[in-house]
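Here the structure is laid out as structure tokens; the discussion comes afterwards.
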Amino acid sequence: MTITEAARLASKNGRGIAIRNLKGVHFIPTNGSERTIIVSYSKKNRPKLTAKWEPSLDDLTRNDWIVY
């Protein structure tokens, strides 16, 4: 699905979004000051939060986004 479709569905269900086959990273889109929160997992499987993401054109136009 597109990033728009995934973000809308995730928002309705309190979930994040991810790119299929991109392991260990998912995104939580918000309307808050943090905009998009990136959650990545270390080797010890502990979440690490990052507050900024600058998507590329390829990120925005791909169609393999999923609700995480």
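Small disclaimer: the values here were computed from a predicted structure and weren't measured.
Listed by chain and residue number, Ile28, Glu34, Ile37 satisfy the side chain to side chain contact (heavy atoms under 4.5 Å, CB included) test with Thr30 (two or more places apart in sequence, or in another chain). Every residue meeting the side chain to side chain contact (heavy atoms under 4.5 Å, CB included) condition with Ala7, not counting sequence neighbours, appears here in chain and number order: Pro29. In terms of the salt bridge (Lys or Arg N to Asp or Glu O under 4.0 Å) criterion, Arg8 has no residue partners (sequence neighbours excluded). Remark: Thr2 engages Glu5 in a side chain to side chain donor-acceptor pair (under 3.5 Å) (not counting sequence neighbours). Shown here are the side chain to side chain contact (heavy atoms under 4.5 Å, CB included) partners of Asn13, two or more places apart in sequence or in another chain: Leu9, Arg15.
Looking at Trp65, its side chain does come within 3.5 Å of a backbone N or O of Asp59 through a donor-acceptor pair.
Considering every non-hydrogen atom in both Val67 and Ala6, the closest pair reads CG2-O, 3.7 Å. The minimum heavy-atom distance between Gly16 and His26, with the atom names listed, is CA-CD2, 4.4 Å.
In this structure, the separation between CG on Leu60 and OG1 on Thr4 is 8.5 Å, given to the nearest 0.5 Å.
Side-chain contact check for Ile17 versus Ile3: some heavy-atom pair is nearer than 4.5 Å.
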